[in-house]
Structure formats: C-alpha cells, structure tokens
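Worksheet: the structure to be examined is printed underneath.
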Amino acid sequence: MPLSPDQIAEIDAARATPRQTLRAVSEGMEAHLYRAHEVLDHGFIRVIDYMGDDAAIVQAARVSYGAGTKHVSNDEGLIRYLMRHWHSTPFEMCEIKLHVKLPVFVARQWIRHRTANVNEYSARYSILDREFYIPAPDQLAAQSTVNNQGRGAVLEGAEAARVLEILKRDAGQAFDSYEQMLSQDGQQGLARELARMNLPMNTYTQWYWKTDLHNLFHFLRLRADAHAQYEIRVFAEAIAACVKDWVPLAFAAFEDYRMGGVTLSAKAVEVLKRRLAGEVVGQAESGMSKGEWREFEGVWG
Ligand SMILES: Cc1cc2nc3c(=O)[nH]c(=O)nc-3n(C[C@H](O)[C@H](O)[C@H](O)COP(=O)(O)OP(=O)(O)OC[C@H]3O[C@@H](n4cnc5c(N)ncnc54)[C@H](O)[C@@H]3O)c2cc1C
C-alpha cells in the first residue's frame, strides 16, 4: 500500500484546515499540496511545502537588473531570457519540499543529487514494512544489446514468470529472516540496525527531500530523460507534473530550452554551417568521433 492509514488521515486533516496567508500562493500547486501521487507499485511523491511562484523568479531578476529589465516587457519573456542565458539564481528563489517513498536502489541513484536536503526514514529506529518493488510485466526486460546501461526487449513466457517468481520469493524470504532476527520471542532479538542488512535493494524507503527550483530542473533534466532508468524516471515525471502546475512559465521555458533543446559543440556548429551552405559533410570530414557523430545524426539526420 503506498500510503498508511495514518498518512491518509494526516493528509485529509491538513487539507481540511486551510489558513489565510499573505505569502505568494500558486493555485496550481495548492491543488497538489499534501496529496500523494502514486509511483511504481508501492511508492509515491507528495508535495509537503513550497515557496515562491513564477512571480518570485521575476521579482528576484528585477532586483538584479533593475531598470535594465524594462526592455523585456512581460514575465514570460523575462523567464525565458533567464533560462536561455543560464541566469539561474532567480530560479533558486523557489523551493519545494517533497515526501517520497521509493525503492532503495532508486534512492541510491537519487541521492547522487547533492544539492538538496534529505531526511530519511531510520531503519535503525523503526521496523521496515514488508513492501518490495516488483516490476510490472512490461518493465521486466532483457539486457540491452546496444546500451550497456539499459534494458532491451521485454522478457516473455516461462522466463518472465520465473524471474518474477525469483524476485518475489527472494524478497519474501529475506523479510521472513529479518522478522526472525528481530523477534524477541524466546530470544534477545537482533538490533534493527543490524537485522536490516540482509534486505534486498527493492525494499522501500521514505524521505523528505527539499531543493530549489534551479537544482530541481537539473534533477529533472537528468532523471526525466529517456536515458535515465525507468524506475527513477517515473518519479521524476510525477514531480515534473506538479512543477508544471506550480510555476507554469518557468516550466515551459525549461521544457523548451532544456528538455527539448540540444547543446551543440563548436564542431557540430561548423558541420551545420557547411551543410546549410550546400556541402556534403560526413563523419570523416566532421572532426567528430563515431560516437559523437551518431548522436549528432540522431538529432539532425
Ligand atoms: C543516465 C545517468 C547515468 C549515470 N551513471 C552513473 C554511473 O555509472 N556511476 C556513477 O557514479 N554515477 C552515475 N550517474 C550519476 C551522475 O554522475 C551524477 O552524480 C548525478 O546525475 C548527479 O548530478 P550532479 O552531480 O550534476 O547533481 P548535484 O549533486 O545536484 O550537483 C549539481 C551541480 O552542482 C555542482 N556540484 C555539486 N557538488 C559539487 C562538488 N562537490 N564539486 C563540484 N561541483 C559540485 C556541479 O556543477 C553539479 O552539476 C549517472 C547519472 C545519469 C543521469
């Protein structure tokens, strides 16, 4: 179950007691506040708190530019200018705090994003729930033959059934052993901080994760991208859907310049110029490596 009955009661209570405020409020984000968005089989993301909106980004930028911003006539234009020119600090004026429930192997990728504040569930203090991530059949895929860091065709038939059985059996057995070691029934019972060490990486953990919008965009660019592992990508996509409602102008600029845009090397710019001038340029004449050329052609054909 993604949410415990206590958590559901807490969310209902928090949403039932709105307060008046003088602070900036994003109507889009208010609709998400506290509510859980389910991700994978037992996970979720939910917004616990946020600060700022599109106007806060504009307000901060106008402090630094003063009268100089007057030539940018509207907020959308200014936000797009900031994003285009990597003027990132105004985006840091917005903050978000999330409650995330996620498998440990996803948490291990996520925690590499150091520009955030994290507080994780303590398995030294508390006993973990019997909850494991088991991939849906369409995500149970073979090793990719073209990408060492990825998956390929979906497993089928007897192999798929066997793999699912192994995943469920091993997780169940590990949790049975965890409970046996913790038990104080006729024995001392092993400390929680030690008993957890046999549990598999698909065990769920939870944390509060707080970051600013600039660093969140960096996270989303890497983790909502097709190159990211599916299991972290779905969390990033769920967060992105909230961010879109929170700061619609900033998110649109992010989608345009970061998610949808491409970075060109000087060599790539040169090849494009030569091609536009009518020259036929292949990899051999481009000065690019085969890998670079493959990626270049992937975008430009
Ligand atoms: C598809 C994919 C595959 C990956 N594969 C691997 C892998 O095989 N092995 C592996 O170990 N990691 C891997 N990673 C993790 C990756 O290398 C980064 O650690 C992770 O994406 C976090 O990025 P970041 O450091 O830019 O983010 P953050 O830690 O949030 O940092 C944001 C930015 O702040 C600056 N910064 C933060 N801390 C420092 C610092 N101490 N010194 C200097 N600058 C700093 C940097 O400019 C950085 O880009 C992978 C990531 C992705 C998306």
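For ligands, and for the atoms within them, numbers begin at 1 and follow the listed sequence.
For a threshold of 3.5 Å applied to N or O pairs, the pair formed by Asn215 and ligand 1 contains no separation below that value.
When distances from atom 5 (N) of ligand 1 to the protein are checked, a heavy atom turns up under 4.0 Å. Protein non-hydrogen atoms do reach within 4.0 Å of atom 51 (C) of ligand 1. At a distance under 4.0 Å, a protein heavy atom can be found next to atom 40 (C) of ligand 1. Less than 4.0 angstrom separates atom 11 (O) of ligand 1 from at least one non-hydrogen atom of the protein. Taking a distance limit of 4.0 Å, we find that atom 28 (P) of ligand 1 is approached by some protein heavy atom.
Between His42 and Tyr133, the closest side-chain pair of non-hydrogen atoms is not below 4.5 Å. Between Arg46 and Ile11, the closest side-chain pair of non-hydrogen atoms falls below 4.5 Å.
Atom 18 (C) of ligand 1 has Arg112 CB, 4.5 Å as its closest protein atom, hydrogens excluded (heavy atom only). Nearest to atom 26 (O) of ligand 1 among the protein's heavy atoms is His218 NE2, 2.6 Å. With respect to atom 34 (O) of ligand 1, the closest heavy atom belonging to the protein is Thr115 CG2, 4.0 Å. Taking atom 44 (N) of ligand 1 as the reference point, the nearest protein heavy-atom neighbour is Arg114 NH2, 4.7 Å. Distance from atom 2 (C) of ligand 1 to its nearest protein heavy atom, with residue and atom name: Arg223 NH1, 4.3 Å.
A salt bridge links Asp75 to Arg62: one of the charged nitrogens lies within less than 4.0 Å of a carboxylate oxygen. Of the charged side-chain nitrogens involved, none lies within less than 4.0 Å of a carboxylate oxygen, so that Glu295 and Lys267 do not count as a salt-bridged pair. Between Arg223 and Glu237, none of the side-chain N atoms (NZ, or NE/NH1/NH2) sits under 4.0 Å from a carboxylate O, so this pair counts as no salt bridge.
Within ligand 1, the atoms closer than 4.0 Å to a non-hydrogen atom of Leu222 are 21 (O), 23 (O), 53 (C), numbered from 1 in the order shown. Near His227, with a cut-off below 4.0 Å to any heavy atom, the atoms of ligand 1 are 1 (C).
No more than 12 heavy atoms of other residues, nucleotides or ligands lie within 6.0 Å of CZ in Arg108, so this atom counts as exposed by the packing criterion.
The closest approach between a heavy atom of Gln149 and any atom of ligand 1 is below 4.0 Å.
Taking the six-membered ring wherever Trp is involved, the centroid distance between the rings of Phe44 and His99 falls below 6.0 Å. The aromatic ring centres of Trp209 and Phe219 sit less than 6.0 Å apart.
Annotation: cation-pi geometry not satisfied between Arg294 and Trp300 (NZ/CZ under 6.0 angstrom from ring centroid, within 45° of ring axis).
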